[in-house]
Visitor: 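Structure provided below as structure tokens; questions to follow.
The first residue of the sequence shown is numbered 1, and numbering continues consecutively from there. As the structure lists them, so they are numbered: ligands from 1, and atoms in each ligand from 1.
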Amino acid sequence: MIIDLRSDTVTKPTPDMKQAIMKAEVGDDVYKEDPTVNELEQRVAKMFGMDTALYFPTGSMANQAAIKLHTQPGEQLICDKYAHVYNYEGGGVSFNSGVSCKLVDGHRGMITAQQVVDHINPPDFYHSPLTTLVCLENTTNKGGGACYTIDTFKEIKVVTDKHQLGLHLDGARLWNALVATGQDPKEYGQIFDTISVCLSKGLGAPMGTVLIGNSSIMKNAIRVRKILGGGMRQVGYMAAAGLYALDHHFPLLKEDHKRALELAKTLSELSVVTKVEPVETNIVIFNVSDENSFTNYLDNHNIIYSDMGQGKLRFVTHYDYTNEMHEQMLGVLRKF
Ligand SMILES: *Cc1c(COP(=O)(O)O)cnc(C)c1O
């Protein structure tokens, strides 16, 4: 048995999800004639109390499109040093939008309103790039699945309103945050200008991210998606998987969170583990003193993990990580 804890993207569609895919009604989505895509977009927009949504093949493309909608070449966005848009989207911020990133030394991937204020370039000082956008991430990926409070978002919103900056949320794992905190998605809709939410992380669809926002900012989104090569045709088959995942997999995320917490507890009892980041959702980031012996041990037990560098390792729980695997995993860890 292989236990794959690299990421929550490794899940495969269940038989029931495949049934939903098979039964989907489809059309040409470039003409906006795919009823299943339209249904998914409307449903997600409504959940967050926003009026417009657009289905993208990937989270990276949705974030990149959002950044393009908010900025002009030469401008600068503010994000945490761990941000996915900065670290893991292939340099797309500069490639697609001609924009630079001002990095904030935040806490577990999260930044404060005061840090946003401190990183805004004075708009009349023409020597430095014009700050026009703030990108936040929830949950934070490299920050170990940490969740922001709504209060912090509201404080940041006061700053972005005052300085007329756009506010985008990379919500690849926003579903995990909603389950972990009980926050109301409609509050997010009132705070952010644009939000991307992935269906292919914890929710387990094979692909798809929805970008939501209000019509004023989303007006050009379909053009930008086309430019990025993201206009798809009968993609309702995949949107059907997303709708199925919202109905059936969204509530299951709390099981992933419970198992992640149990992994963290067991890890913290091992002498080789020097630090375990607090676990709030489905990501466990920890440091080990003797990386070679520990990772060889995991390799020999068919356990796959992510190596984050500098002795930092990561486990991510997901719905293909079964109870049986979990019991085996805890046993293997305890025997190290
Ligand atoms: C996975 C992820 C994305 C999007 O990734 P894709 O692989 O392009 O779908 C964006 N932001 C965060 C924080 C992520 O974890």
Visitor: Would you name the heavy atoms of C198 and G59 that are closest together and state the gap between them?
Guide: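 Closest approach of C198 to G59, heavy atoms only: SG-CA, 3.9 Å.
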
Visitor: Report yes or no: does a heavy atom of E89 sit under 4.0 Å from some atom of ligand 1?
Guide: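 Per 4.0 Å heavy-atom rule, E89 contacts ligand 1.
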
Visitor: Passes side chain to side chain donor-acceptor pair (under 3.5 Å), E25 versus T36? Steps please.
Guide: CA-CA 6 Å; E25 249 189 86; T36 310; over 6 Å; no

Visitor: Quick one: CD on Q310 to CD on E291, what's the gap to the nearest 0.5 Å?
Guide: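 Taking CD in Q310 and CD in E291, the distance rounds to 10.0 Å.
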
Visitor: Numbering the atoms of ligand 1 from 1, which are under 4.0 Å from a heavy atom of N63?
Guide: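 Per the distance check, 10 (C), 11 (N).
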
Visitor: Of the protein's non-hydrogen atoms, which lies at the shortest distance from atom 7 (O) of ligand 1, and what is that distance?
Guide: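 Protein heavy atom at minimum distance: S60 OG, 4.5 Å.
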
Visitor: Please check whether S200 reaches ligand 1 - meaning an N/O of the residue sits under 3.5 Å from an N/O of the ligand, judged on distance alone.
Guide: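 In fact, backbone or side chain, S200 has no N or O that close.
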
Visitor: May I ask you to check whether over 12 heavy atoms, not counting those of H107, lie within 6.0 Å of atom NE2?
Guide: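 Check fails, neighbour count at 12 or below.
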
Visitor: Heavy atom to atom 14 (C) of ligand 1, shortest distance: which of K142, R173, K201 holds it?
Guide: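 Answer by nearest heavy atom: K201.
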
Visitor: With the side chain counted from C-beta on, respond yes when Y148 and I111 share a heavy-atom pair under 4.5 Å apart, and no when they do not.
Guide: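 The answer is yes, as the side chains (C-beta and beyond) meet within the 4.5 Å cut-off.
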
Visitor: If you count the atoms of ligand 1 from 1 in the order shown, which ones are under 4.0 Å from a heavy atom of E137?
Guide: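 Ligand 1 atoms under the 4.0 Å threshold to E137: 13 (C).
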
Visitor: Is D170 in polar range of ligand 1, meaning some N or O pair under 3.5 Å apart?
Guide: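 It does: an N or O of D170 is found under 3.5 Å from an N or O of ligand 1.
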
Visitor: Between OG1 of T160 and CG of L165, what distance do you get to the nearest 0.5 Å?
Guide: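 Nearest 0.5 Å value for the OG1-CG distance: 6.0 Å.
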
Visitor: Parallel under 30°, tilted from 30 to 60°, perpendicular over 60°: which one fits the rings of F153 and F192?
Guide: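 Answer is perpendicular, since the angle exceeds 60°.
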
Visitor: Which of the atoms in ligand 1, numbered in the order shown and given with their element, are less than 4.0 Å from a heavy-atom of T58?
Guide: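 The list of qualifying atoms is 8 (O), 9 (O).
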
Visitor: Ligand 1 and G59, any nitrogen or oxygen pair closer than 3.5 angstrom?
Guide: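 The answer is yes, given that G59 and ligand 1 share an N or O pair closer than 3.5 Å.
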
